[in-house]
Amino acid sequence: MINQAQKHKLVLSTYHNRHWDGLILNALKMIKAGKIGEVVRVEAHMANYANPGPWWRTSKTISGGILYDWGVHLLEYTFQIIESEITEVSGFAHSGFWADKTPWGKDTNEDEGFAVIRYKNGSWSTLTISNLDANAKEGQLEITGIKGTIVTDQKTWKLITIDGKGTKTIKTGSNPPSQSHRYYQNVAEYLTGQAKLIITPQWSRRPIHVLELAGKSYTKGTAQKTKYK
């Protein structure tokens, strides 16, 4: 699709409207203000303990697997935070527990998927999507820096810092609403020559590349090297 778009001089983009979700906009604002210092790792997760149900997102053939769907959005958040080349991806999964409890049988998504992404700048990130977690972690993103940690989800944020005397400070607040309209606004501005396209096809391909490597890693039992920018 990228080759054809370039060949025929067409605009190609993906509806990554969550690029402008309130939680990532607010997290980036705090990071750029130096609230947590240099980012060391990003942990992205969505988990519960529940039968995934009968809808189409539960079928691996249709949906691609448990790490797709919301996993793509969580990775897209992560890549906004860690601006570095990806060097290695490891994937892990557990399957079979829910399989005979959904209409899809053996085609049911994995019970849990987990990926570790290593970056050229020395930082790393994780992605967890689980229907087997009886003790799900707080938030959707936990961003750890050398000065503190941000824990955030679609509604609220928490900033934890520790000063030189060892005193812990916890600040909390509500995240601003999503600004998903900015996706269409950016496309319109790009078509009229007023701005660069933010959600390029190359940017959209990045999380899919990582999920494909995670799947290969899980199947082969070894980390997968890459030089994807």
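In this text, all values refer to a predicted model and were calculated from it rather than measured experimentally.
- Looking at residues two or more places apart in sequence or on another chain, you find a side-chain contact (heavy atoms from CB on, under 4.5 Å) between Leu211 and Leu67, Tyr68, Val72, Leu75, Leu127.
- By the rule that hydrophobic residues join a cluster once side-chain heavy atoms approach within less than 4.5 Å of another member, Ile36 and Met30 end up as members of one cluster.
- Listed by chain and number, the residues in a side-chain contact (heavy atoms from CB on, under 4.5 Å) with Lys120 are Ser84, Glu85, Thr87 (sequence neighbours excluded).
- Ile2 forms part of a hydrophobic cluster together with Met1, Leu12, judged by ILVMFWY side-chain heavy-atom separations under 4.5 Å.
- Residues passing the side-chain contact (heavy atoms from CB on, under 4.5 Å) test with Ala50 are Asn48, sequence neighbours excluded.
- Residue pairs meeting the salt bridge (Lys or Arg N to Asp or Glu O under 4.0 Å) criterion with at least one partner in residues 95-117, sequence neighbours excluded, are Lys60-Glu110.
- Residue pairs meeting the salt bridge (Lys or Arg N to Asp or Glu O under 4.0 Å) criterion with at least one partner in residues 146-167, sequence neighbours excluded, are Glu138-Lys158.
- Take His45 and apply the ring pair (Phe, Tyr, Trp, His ring centres under 6.0 Å) test, not counting sequence neighbours, and it matches no residue.
- The stretch residues 5-24 participates, sequence neighbours left out, in these salt bridge (Lys or Arg N to Asp or Glu O under 4.0 Å) pairs: Arg18-Asp21.
- Through direct or relayed side-chain contacts under 4.5 Å between Ile, Leu, Val, Met, Phe, Trp and Tyr, Ile146 connects to Val40, Trp124.
- Residues that satisfy the side-chain contact (heavy atoms from CB on, under 4.5 Å) test with Thr169, not counting sequence neighbours, are Thr161, Lys171.
- The list of salt bridge (Lys or Arg N to Asp or Glu O under 4.0 Å) pairs with a residue in residues 215-226, not counting sequence neighbours, reads Glu88-Lys225.
- Other residues sharing the hydrophobic cluster of Trp98, ordered by chain and number and joined by side-chain separations under 4.5 Å: Tyr49, Phe97, Leu132.
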